[in-house]
Amino acid sequence: MAEAFDEMGLVGDTCREPYRTLKAWLDATPADLLQHRAAEAEALFRRIGITFAVYGDAQAQERVIPFDIVPRIIGAAEWKRLAAGLEQRVRVINMFLSDVYGKGEAVRAGIIPADIVYTNPAYRPEMAGFKVPHQIWTPISGIDIVRIDENDFYVLEDNVRTPSGVSYMVENREVMIRLFPDLISEYRVAPVDGYVDDLLDTLVSIAPPSAPGEPTVTVLTPGPFNSAYYEHSFLADKLGVELVEGRDLFVRDNIVYMRTTQGPQRVDVIYRRIDDDYLDPLVFRPDSALGVPGLMAAYRAGNVTLANAVGTGIADDKAVYTYMPDLVRFYLGEETILKNVDTWRCREPDALAYVLEHLDELVVKEVRGSGGYGMLVGPHADKATIATFAKKLAAHPDDFIAQPTLALSTCPTFVESGLAPRHVDLRPFVLSGADGIRVTPGGLTRVALKDGSLVVNSSQGGGTKDTWVVDS
Amino acid sequence: MLSRTADSLFWFSRYIERAENTARLLEAAGRLSALPTHYAGSTNEWESALSATGALHQYYLTHEAATADDVVSFLAFDEGNPSSIKSCVQAARANARAVRTALTLETWEAINDTWLQLRRFDNRPLSRPLLNELIGFVKEASLQVDGSAYRTMLRTDNYFFMRLGTFIERADSTARILDVKYHVLLPAGERIGGGLDYIQWRSILRSVSALTSYHWVYRENVKPWLVADLLILRKEMPRSLSNCVANLVSFLDQIAVEYGQQGPAQRMARHIFARLDNARIEDVFQSGLHEFLTEFIADVNELGMTISKQYLL
């Protein structure tokens, strides 16, 4: 694995332009002050109740995601390029969804194999032929971006089901403004708190045509025991809309209502943070107590908008991912601005042979996995783990893709021993409404806090950083 | 507003109020049990405290005797006891968390801080100084929740439902405290000076933090019928039955105005209030203090259920 690209330039004497002010500030700030601020930040997060639950960890039912006080900085010019790429990506994802649930042109043109789409568990036959309101399938997208050198941003994966983390983006900034007002004002950082207003505009813009003049928007949560519950309540609060659970809603004559202290009230747009499978026990999992019986019927009748639409999972499937650059070319006639990471599709015999040969240098991911579960990081795995994984892979090659172990870029991070480079990725959030696409400047930077680790997922010991887009 | 939200707000403030009541009962019991028996009498104060929280029966399912240490840990930390301070704080926080968006940041922080800090008393035998510290902590927590809501929340249904929870619980609690001790309030128990019952009367006042108020209202020595008058009929006394019901009437009316509709809960609250408003303490004693209190507790319970049916389901 090559030496990682450090975004400040911690290796050697040079300092990249956007980081100059930060470096001077860090050099002038004593370590114990940083220590003190880090402790303050942790206390703030705990106090506000920004916590998340880790599945399978009964001890720490509510944990605070570690927050690193050293911001990650992106210059305006770099950001502009990235934002254009994100917009292009999300536009294509929407076109792809309209296509696979509509005419199926990309498949017919041979751009993507039919079986990858239509036999994929993420493909929802219930949605075939259905026109979602305003043709917007993914009002909310989170695209995971990594960087390995000065010039290129790569998409690591697309998240267009119910991407989470945006509350951390907003709250991280609030905490930084409280702790480092001087540094922030010296930099003039593009604000992120406009995200919530943009989200509301986006949701209102995609209300079904049958909705009354001022549509009623709600956020649908599985409830307080969900790992992202804080975020659900945060969003409802900032949007100024009701945070509902399935039991608060009911459907009569294909119209969705919520139970209120003043009787039933019609609901027009549901920002749902519940997976497809649990939305409606009449259509999907019959044992789901989280959903609303009849919701799909109301949806199909065009009386309610679900954000994101049902069936978007097909677009962020890791097997479909590998075809994204081709899809950009097919739908837009453009070259992709954001590159894909080189990927071996293990379903292809040549690729499988190569992957099995080189397991110790590759990252192998389950096509349906998420959150860093069920993946093999070759260079960090022992022989026995690799051997076990090889058997699994050989038995079900369709379920896996492999990528080179990327030298993810690093950012200076405040750890026990002081400032040290740690690997980071970035999840910017992209909103698509009937009135256009909006990208919030910045996003959620996730950082692998363990020395040398490449796994940034919060469920696996990752932390977060505030991300500053600054004038160059 | 979602019915579930209203329900959670109602129970959030009820549980906070209940936690405070349990703390006050522990405080009163602790003071009485520290007196020589010829002052405090042979009644077991710890058992009285259990009765007043309504957990007596449950306590004896798992305990042989009402000893100080056992009752303290049962009322403070036992998670099997729904009225224990710990259970109440947990339930309050769970309700608050479920409706986080309906609370102001200040009110959420007040309950969340309380929940986080309660752990520092947890799972160790409570020494007397530590017990006092816990009691002070809970009273302060309740003040913070109450005060932050008072100072920061919009005067809309969110706030009104929280207040309903507070006053239903407070009315119930004051009535129970009186009922557990009603025998010492009966006129037969009257004696002048520092006798046994005199200490008990003071203790009742203390358990609802009304000892000082008593002197301001009556400007005379503590007399049992005046204790009853203060805690049942005096509208200016913030924990009296009359004041609690007046508040219930008022907040139910404000909800009715906001929603443009009256209902059975409003009618019922006014009915209970009218009875208190027309009563004189002599009549209450005449017709039987215990009977009066039992009926009141049942009425408040039914009002709670009526509110629930009308708004919270």
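Letters A, B, ... mirror the listed sequences (proteins, then strands); counts begin at 1.
- A:Q262 and B:Y259 get closest at one heavy-atom pair: CD-CD2, 3.0 Å.
- If you measure heavy-atom distances from B:L2 to chain A, the contacts under 4.5 Å come from both the backbone and the side chain.
- B:D7 CG to A:R259 CZ: the interatomic distance, rounded to the nearest 0.5 Å, is 13.0 Å.
- Residue A:Q265 does not touch chain B at all, counting heavy-atom pairs closer than 4.5 Å.
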Could you tabulate the donor-acceptor pairs under 3.5 Å formed by side-chain atoms of residues 193-204 of chain A, not counting sequence neighbours?
{"residue": "A:T202", "atom": "OG1", "partner": "A:D198", "partner atom": "O", "Å": "2.7"}
{"residue": "A:T202", "atom": "OG1", "partner": "A:R438", "partner atom": "NH1", "Å": "3.0"}

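- Within 6.0 Å of CZ on B:R155 lie more than 12 heavy atoms contributed by other residues, nucleotides or ligands.
- Of the possible polar contacts, one joining the B:S3 side chain to the A:T260 backbone as a donor-acceptor pair under 3.5 Å is found.
- Here the OG1-CG distance, from B:T104 to A:D237, works out to 10.0 Å after rounding to the nearest 0.5 Å.
- Other residues, nucleotides and ligands contribute at most 12 non-hydrogen atoms within 6.0 Å of the CD atom of B:Q261.
- By the 6.0 Å contact criterion, CZ on A:R178 is open, its count of non-hydrogen atoms from other residues, nucleotides or ligands being 12 or less.
- In this structure, the portion of B:D157 lying under 4.5 Å from any heavy atom of chain A is its side chain and not its backbone.
- Residue B:H271 qualifies as open at atom NE2: its count of foreign heavy atoms under 6.0 Å is 12 or below.
- At a heavy-atom separation below 4.5 angstrom, chain B is approached by no residue within residues 274-297 of chain A.
- Heavy-atom neighbours of A:K238 NZ from other residues, nucleotides or ligands within 6.0 Å: at or below the threshold of 12.
- Across all their heavy atoms, A:S233 and B:R100 have their closest contact at OG-CG, 3.8 Å.
- Ranked by heavy-atom pairs under 4.5 Å with chain A, the list B:A102, B:A98, B:G260 is led by B:A98.
- No donor-acceptor pair under 3.5 Å is formed between the side chain of B:R4 and the backbone N or O of A:D248.
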